[in-house]
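Data first, discussion second: the structure below is written as structure tokens.
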Amino acid sequence: MPGQSPESAGNREGRGRLAIIAGGGRLPHHVADAARAHGENPFIITLTGEAGDGWGGYDSRTLGIGNFRDISATFRNEGIDRVVLSGGVQRRPEWRDIRPTLKTLSRVPAVLKTLISGGDDAVLKMAIALIEASGARVIGVQDIVPELLAEIGPIGRISPDDDDQRDIAVATAAANALGTLDVGQGAIAVGGRVVALEGPEGTDAMIARVAGLRRDGRISQRRRGVLVKLCKPQQDLRADLPSIGPSTVESALATGLAGIAVEAGRALVLERAATIELADRSGLFVTGLDRALPVS
């Protein structure tokens, strides 16, 4: 879909245009719709092999994740001065996918080293630096849709009980340690012990792993357990905030978990009304944690 002229594409305050670099999942759509509701006319850059369909109502272009040359050209042609990174990315680019600009050419050796040996947070920080070298400022999803952020305390009518609080404390400590190693953002505790840590496979696969352990009798059928998702301590908050939605609640229910705890102010609750309705109807709690306070 052809883009509008830069003069007409910005918001009412006269800033340049907002771009959303869209990976997989529904989050990019939520961000785009909310941005439009706030007076923006976002341009969508869908990542090859990652982003889903459904962008017919937006100006968009599909580009490879490492194609900084064409990304930079799109910024210039569309008058883009702000960028939001949104959605999941399942595959890191190969060396042959990297198409640098002249400004970023000297960084290619460091880029390749990071892609080979860096954790997800290191890769995201590298991507932010390259995008900003291409002529736009990267901002966080929360700067566009702050209403998606989890608040402190129960999100819905169900609250965790004492056993749940114990599991939350154990899983929080594990998720924090895991994040420090730049491995993942989530952990599951059942009966006061950690039973799963999130790796590159993601949250849903981790929950499915716990379901398999429970079926095999490796985890108590009587004790339910809790999923905790936190930002990594060193994480750049402009990318990859932890997120949950109805599908997370469904997976937690299918695995027999009692609830989900996420970091207040630094985690996203997608499709909030549907997420709360499903959790309340199923007797599952969703709660926001204040990382500055100890978990009781």
Side-chain angles (χ1 to χ4, degrees), residues 1-11 15-25 27-29 31-32 35 40-141 143-144 182 200 235-240:
M1 191 172 185
Q4 296 182 19
S5 67
E7 290 77 18
S8 64
N11 65 16
R15 292 180 296 186
R17 196 173 192 182
L18 173 73
I20 297 172
I21 298 182
L27 180 57
H29 293 272
V31 175
E40 302 276 2
N41 178 31
F43 186 93
I44 314 301
I45 297 176
T46 59
L47 295 178
T48 303
E50 301 286 354
D53 298 325
W55 294 108
Y58 291 89
D59 297 341
S60 65
R61 183 181 184 188
T62 299
L63 294 171
I65 191 172
N67 190 353
F68 292 99
R69 183 180 60 205
D70 286 352
I71 288 174
S72 180
T74 300
F75 291 168
R76 291 194 306 272
N77 294 339
E78 299 296 333
I80 290 164
D81 68 353
R82 290 159 298 133
V83 176
V84 168
L85 306 178
S86 181
V89 175
Q90 300 298 318
R91 184 186 69 87
R92 293 189 181 193
E94 302 287 343
W95 65 267
R96 62 180 64 88
D97 299 325
I98 304 299
R99 293 181 172 83
T101 64
L102 287 175
K103 288 183 179 180
T104 59
L105 187 60
S106 64
R107 303 189 187 191
V108 169
V111 167
L112 295 177
K113 181 179 179 181
T114 302
L115 289 174
I116 292 169
S117 60
D120 288 346
D121 193 59
V123 171
L124 283 169
K125 287 179 178 178
M126 175 200 70
I128 288 171
L130 289 171
I131 289 168
E132 294 197 326
S134 298
R137 179 170 58 95
V138 177
I139 60 177
V141 168
D143 295 320
I144 302 297
D182 195 7
Q235 183 169 333
D236 190 316
L237 299 182
R238 292 175 292 175
D240 195 31

Residues in salt bridge (Lys or Arg N to Asp or Glu O under 4.0 Å) with R61, at least two apart?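 R61: salt bridge (Lys or Arg N to Asp or Glu O under 4.0 Å) contacts with D70.
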Under 3.5 Å, is there a donor-acceptor pair between the T62 and T48 side chains?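 T62 vs T48: no donor-acceptor pair found between side chains.
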How many angstroms lie between atom [atom1] of [X] and atom [atom2] of [Y], to the nearest 0.5 angstrom?
{"X": "I44", "Y": "L18", "atom1": "CD1", "atom2": "CG", "result": "7.5 Å"}
{"X": "E50", "Y": "I21", "atom1": "CD", "atom2": "CD1", "result": "12.5 Å"}
{"X": "D59", "Y": "R17", "atom1": "CG", "atom2": "CZ", "result": "4.5 Å"}
{"X": "I71", "Y": "R76", "atom1": "CD1", "atom2": "CZ", "result": "12.0 Å"}

How far apart are the C-alpha atoms of I45 and V83, what are their side-chain angles, what is the distance that settles it, and do they pass the side-chain contact (heavy atoms from CB on, under 4.5 Å) test? CA-CA 10 Å; I45 297 176; V83 176; over 6 Å; no
So which atom in R82 and which in G16 form the shortest heavy-atom distance, rounded to 0.1 Å?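 Closest approach of R82 to G16: NH2-O, 2.6 Å.
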Between A32 and W55, which heavy-atom pair has the shortest distance, and what is it?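 Looks like CB-CZ3, 3.6 Å.
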Report yes if the side chains of L85 and I131 come closer than 4.5 Å at any heavy-atom pair, otherwise no.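 SC-SC contact between L85 and I131 confirmed.
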Using side-chain heavy atoms (C-beta onward) and a distance below 4.5 Å, is T46 in contact with Y58?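 A side-chain contact under 4.5 Å is absent here.
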NZ/NE/NH1/NH2 to OD/OE distance under 4.0 Å, R137 and D143: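 Judged by the 4.0 Å cut-off on N to carboxylate O distance, R137 and D143 do not form a salt bridge.
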